[in-house]
A.B. asks: 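I'd like to ask some things about the structure below.
The sequence lines fix the lettering, A, B, ..., with proteins before strands; numbering per chain opens at 1. Source: prediction; values computed, not measured.
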2 protein chains.
Amino acid sequence: MAKYKNNMNKFIEIAKAIADESRVRILSMLNGHELCVCQIVEVLGLAPSTVSKHLSILRHAGLVEGRKEGRWIYYRISNRSSDIEAQKALAWVHESLARDGQTQEDLRRLKAVLKIGKEMLCAQVVQE
Amino acid sequence: MAKYKNNMNKFIEIAKAIADESRVRILSMLNGHELCVCQIVEVLGLAPSTVSKHLSILRHAGLVEGRKEGRWIYYRISNRSSDIEAQKALAWVHESLARDGQTQEDLRRLKAVLKIGKEMLCAQVVQE
DNA sequence: TTTATATTTCGCCATATAGCTAATGCATCG
DNA sequence: CGATGCATTAGCTATATGGCGAAATATAAA
């Protein structure tokens with residue numbers, strides 16, 4: 001086994017992934033919820049293509065995982081405990097932003113989206 | 001006191017600061033050493049102005065502190081324990097990169113720079 | 001098979017970022 | 001004072017990044 005590891009690239013990839021407000025808002029929303037892309041789009045108010053790209057970056061960094069079910073893809077926080085770096089980053093994000101104002105507002109909007117979601121799913125604009 | 005804090009901007013600023021290879025290399029070098037800009041320049045092989053800008057970003061994020069002494073400015077890791085976010089970030093960087101190959105090589109070069117530094121300080125190119 | 005819907009990929013644009021050189025600040029030394 | 005030297009700031013360039021809309025993909029529904 002090599003004496004020194006090559007942690008740099010992995011570290012930078014994760015750090016870049018969490019160095020964007022939209023992406024940490026996604027991570028905060030996914031903390032405790034499994035969500036499809038359209039639900040995240042509703043809360044963030046960004047174009048689906050933009051959210052999809054953000055999710056791709058988060059997934060590649062090992063921070064989230066996707067699960068396909070029918071037409072939808074459900075994303076959740078990655079819990080592969082073997083990926084220590086990703087888990088540390090996730091812990092830092094959640095600890096730091098749990099009580100942040102933006103995070104709280106997103107969670108409030110998310111609850112509304114989840115409520116209407118039971119009947120009519122995506123392509124539905126949440127009021128207020 | 002407000003119910004919710006505004007951690008987002010501070011968090012993003014710190015995350016962006018550590019999402020760059022040159023800057024985390026600087027943080028690793030400063031871990032345990034107090035260094036002047038010219039010493040960091042020697043090890044990184046970047047232009048002084050570039051290193052200065054990086055240090056400015058790190059300082060503004062609360063990750064390093066500068067101390068002026070004559071013509072030199074010595075930088076060190078910030079130890080203001082009140083800044084929890086910065087301290088968490090520093091801990092993450094140091095834990096993750098302590099055994100990284102690039103970090104080890106930088107430390108090796110730094111030792112050489114520190115050795116010659118005793119007699120003739122900056123404006124001195126370290127061999128090899 | 002055709003239509004509809006969810007997501008991704010592609011192509012584009014505006015801004016941000018990291019690097020450089022040159023110029024400026026500022027302190028020391030002759 | 002003037003010259004020297006460390007660090008920063010200013011100005012520039014090339015690349016990276018985040019946003020969008022349009023087109024492509026894939027699955028469900030009609």
A.B. asks: If a pair means Watson-Crick or G-U wobble with both distances below 3.5 Å, what does DNA chain D look like in dot-bracket form, with | marking bases paired to a different strand?
C.D. replies: ||||||||||||||||||||||||||||||
A.B. asks: Got a salt bridge between Glu69(B) and Arg67(B), using NZ or NE/NH1/NH2 to carboxylate O under 4.0 Å?
C.D. replies: yes
A.B. asks: Looking only at side chains, do Glu13(A) and Asn9(A) share a donor and an acceptor under 3.5 Å apart?
C.D. replies: no
A.B. asks: Just to be sure I understand the rule, does Ser56(B) reach a base, reach only the sugar-phosphate, or reach nothing, if contact means heavy atoms closer than 4.0 Å?
C.D. replies: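 Since no nucleic acid heavy atom lies under 4.0 Å of Ser56(B), the category is nothing.
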A.B. asks: Donor-acceptor pair, distance only, cut-off 3.5 Å: does the side chain of Ser28(B) make one with the backbone of Thr103(B)?
C.D. replies: no
A.B. asks: In chain order, what residues pass the side chain to side chain donor-acceptor pair (under 3.5 Å) check against Glu95(B), with sequence neighbours excluded?
C.D. replies: Lys88(A)
A.B. asks: Rounded to whole angstrom units, what separation is found between the CG atom of Leu58(A) and the P atom of dG18(D)?
C.D. replies: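 Interatomic distance, CG of Leu58(A) to P of dG18(D): 10 Å.
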A.B. asks: dT8(C) phosphate, OP1 or OP2: any side-chain N/O from Tyr75(A) under 4.0 angstrom?
C.D. replies: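 Answer yes for this pair, as a side-chain N or O of Tyr75(A) is under 4.0 Å from OP1 or OP2.
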A.B. asks: Kindly give the heavy-atom pair with the smallest separation between Ile12(A) and Asp20(B), and that separation in Å.
C.D. replies: CD1-C, 3.7 Å
A.B. asks: Would you kindly say whether Asp106(A) and Gln102(A) are connected by a side-chain donor-acceptor distance under 3.5 Å?
C.D. replies: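 Gln102(A) and Asp106(A) do have a side-chain donor-acceptor pair below 3.5 Å.
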A.B. asks: So if I define the base as every atom that isn't primed, P, OP1 or OP2, how would nucleotides 20-30 of chain D read as a B/S/- string at a heavy-atom cutoff under 4.0 Å?
C.D. replies: BBB---SBSS-
A.B. asks: Can you check whether Pro48(B)'s main-chain N or O pairs, donor with acceptor, with Ser52(B)'s side chain at less than 3.5 Å?
C.D. replies: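 It does not hold such a pair.
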